[in-house]
Structure formats: structure tokens, C-alpha cells
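Order of the sequence lines fixes the chain letters, A, B, ..., with proteins taken first and strands second; residue numbering starts at 1 for each chain. The basis for the numbers below is simple: all heavy atoms, side chains too, and nothing from hydrogens, waters or symmetry mates.
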There are 2 protein chains.
Amino acid sequence: MRIQYIFKPISIYGDIDMELRHLRFLTAIADHGTFTRAAEALHMAQPPLSQQVKRLEDDLGVRIFDRSGRGAALTSAGDVLVERARAILSLAKEFETLARALGAGDQGHLRVGMAGGVSLLPLIPAAISAFRREKPGVTVTLEESNTPALCASLRLGQVDMAIVRPPFSMPISSCAP
Amino acid sequence: MRIQYIFKPISIYGDIDMELRHLRFLTAIADHGTFTRAAEALHMAQPPLSQQVKRLEDDLGVRIFDRSGRGAALTSAGDVLVERARAILSLAKEFETLARALGAGDQGHLRVGMAGGVSLLPLIPAAISAFRREKPGVTVTLEESNTPALCASLRLGQVDMAIVRPPFSMPISSCAP
DNA sequence: ATCGGTTACGATATTCGTAAGGATT
DNA sequence: AATCCTTACGAATATCGTAACCGAT
């Protein structure tokens, strides 16, 4: 009866918080086949890349890459994990894109044409103030003119919206985009 | 004609890499309603939480929370984004769980019973060596005995696998789990 | 001997915490 | 006045880069 013991090293570091950075490291190595080339692609030196990956592997208790003299190949576990990592990174990218798009809606330039005397109505300045408070990123341009001229400006796209008074002759369908 | 200009501040920092930490911050604030209580839950002080969120908002160009004297409420954009953040964090959590599970499969204790003389066959030691090389975290216990005794041990769960020679009398269905 | 990965350690950069300042209820 | 968020700045911490080392082809 022969018994063999293998002592597995345990992480000397405390548990780390896995971050998207680590997932980016994994996919880069999987994509480029070696730590060295992945490090180049990540604009960093290779030793820190090794450190981070090793630490992640130790923390999760799973070996993701098989290192050899000619590069790093995915283990069977690594194969599954890198696939998941790509999905997460893809969602994160979408998150950023969506956030910027949502933000873009809150900034820009709004050109408002107002018929003469409209600014005397209590509701209008209040509405503009409220809008400016809610969307501080939007530059608001106010322009006072008469109703027919404003309708023309609106049609030409020189203003984005016009506050006029009846009577005015403009079909709803000709609103500016 | 009156014109108002509002200059929108641009981030003085370079673009940051969004990390899972930022998403954790967002969901914590959304969950707790105030930066202060979220900071407590995150085991951190409240000012750095404000800093990180502000920086993320500036970088993405979107306001996620409406700050007021009595807490932080989600903006319409923030509502969408926090929902996405939760999805990403959920996947990240799954990733960690899966990784640990895959790692656990690569470690543990494998008890192998071998019939006498089997170790003389060239294939068996080679297979064991290969297995140990591939799964360094698994402790392998080898035990030599005779075929009937090994079948009994296997049935009792005293070994995980047995390498025996015919004839042996054991239905396949009685394999250990 | 070259290529690739790891270890060691000092430098750098980011984050974090404390203290003071505003704003709103 | 009390509560909550922000700004400012020094301290702690984590990451990063360079240099030296090991292993394999």
C-alpha cells in the first residue's frame, strides 16, 4: 500500500475583488496565445500581467492557463471561463455605450423662438428655468420674434421649437425633426 | 433677442476604466437611497463614494442620481443603468461561483484501488502520472489488494475507483457515486 | 541560446479617509 | 439646526515597471 500526498499551496493574499480588468486580462491572453503579446496589446509590461492572473487563479482556486515554453493555452476550465468573461465584458461595453447615449440626450443645444410678449406669461419663464435645472448640460438659446417669422424659422430648422400665439398657419406635419 | 449660454464642465481627468466596483457603488446607492447609508453598507467612508460616482458620471457624461437634501434618487437614465448594472454584477457573481466549482473539481482526494500486479502493466503508472500532472491539486491514494476485496471496498465507498482483472463479479450499476 | 513565464522589489498611481465647506429641508 | 452631499488634501494601498531568475524548446 503506497500513499502519495500533494500539498496544494493556499493563497497568502486575502481574497481579492474580481474586477473587469481581470477579465480583460484573461480574454487578451486567450486571444493572443502568450502572456507577452497579450501584455503588449494591453499596453503594459508582462510581469504584472502574470502576477494579476496568477493571483486571480489562486483566489478562485482554478487554473485557467497551461503555461509552457511556447505560450499559454486554455485549460478546459479556462475555456469555459473565458467564454463567460467575454459575455460579461460585452455587457459592460454595452453599459458604457448606453450610458453615453442617455447622457447625450441630456446635452446639446436647444433653440427656442418666442413670440413677442410671451415671456410675460408666468408659465413660460418658469418652464424654461425648470428645464435648465433638469438638463444643465443643454445650452438654451432664446430668440424673440413675431409669430409668422418664427413659423418660418421653425420650418427652416433655424429654431428647434417656437412658442407662438394663434392665429398661426402651419400644419403640424411640418414640425422640425 | 436674448441668448443664454451654459458652459458644461468637461472632465479634467482622463477617461477611467469602468470596473465592477463602480457598478457595485451604483446598486448600493440605489438600494439604500442615500450615499451615506450605501457607504456604510460598502464598508467605506461616504466622501470617496461620492468621488467615484461623480467621476463615473462625468466620464460617461450622464447623471445617474438626483442629489437632494434628503438623499439620492435615480434619474430616468440612472434607472435604466442600475438595472443593467445588476445584470452585469449577477453574471460576475456567477463567474466566480462557476470558477470555484471548476477549481474544486481539480482538487480533492482520489482513492484508487489496484489489483496485485496491475502496477507492472506499463499503461497504469503512465496514466496515473499523467493524471497527477494534469490535476496537481488532487491527492491520489494508491492501494494494492486483490480483486474481490477491491470490489468490496468500491461497494463500501472506501475507494473511488478500482483497477481489477477479470474475472470479477460486480454489476456496473453498483458503481460508487 | 532564445523565447516565454515567474519572482522580487522599488516606483508610481489610484483609491481611501479625515476635515472643512455648502446646500437643502 | 440637522442632514446629506461635495471639495480638499494627506495617507494607505494596490498596481505597475525594471531587473534578475528559472524552464523549456
Starting at [atom1] of [X] and ending at [atom2] of [N], how long is that distance when rounded to a whole Å?
X	N	atom1	atom2	answer
B:Asp58	D:dT6	CG	C1'	12 Å
B:Ile64	D:dC5	CD1	P	15 Å
A:Glu40	C:dC3	CD	P	13 Å
B:Arg63	D:dC5	CZ	C1'	11 Å

**Asked** Okay, side chain of A:Glu57, backbone of A:Arg63: is any donor-acceptor separation there less than 3.5 Å?
**Response**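 Not confirmed, A:Glu57 side chain does not pair with A:Arg63 backbone.
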
**Asked** Counting only N and O atoms by type, is there a donor-acceptor contact under 3.5 Å from the side chain of A:Thr97 to the main-chain atoms of A:Lys93?
**Response** yes

**Item:** Members of residues 27-36 of chain A that approach DNA chain C, where some heavy atom sits under 4.0 Å away
**Value:** A:Thr34, A:Phe35, A:Thr36

**Complete:** Protein-proximity profile, nucleotides 10-25 of chain D, B/S/- by nucleotide at the 4.0 Å heavy-atom cutoff, equals -----SSBBB-----S

**Message:** Checking A:Glu96 now: which residues fulfil side-chain hydrogen bond (donor to acceptor under 3.5 Å, both in side chains) with it, not counting sequence neighbours?
**Reply:**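 Applying side-chain hydrogen bond (donor to acceptor under 3.5 Å, both in side chains) to A:Glu96 gives A:Arg100.
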
Nearest 0.5 Å, what's the [atom1]-[atom2] distance between [X] and [Y]?
X	Y	atom1	atom2	answer
A:Ile29	A:Ile64	CD1	CD1	8.5 Å
A:Met18	B:Glu19	CE	CD	10.5 Å
B:Met44	B:Arg21	CE	CZ	8.5 Å

**Request:** Please examine the side chains of A:Phe65 and A:Thr75, heavy atoms only from C-beta on, and report whether any two atoms are closer than 4.5 Å.
**Result:** no

**Message:** If you define the side chain from C-beta out and look only at heavy atoms, does anything of A:Phe25 sit under 4.5 Å from A:Leu56?
**Reply:** no

**Phosphate contact (C:dG5 OP1 or OP2) by A:Ser50 side-chain N/O below 4.0 Å** =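 So the side chain of A:Ser50 is outside the cut-off, no N or O lying under 4.0 Å from OP1 or OP2 of C:dG5.
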
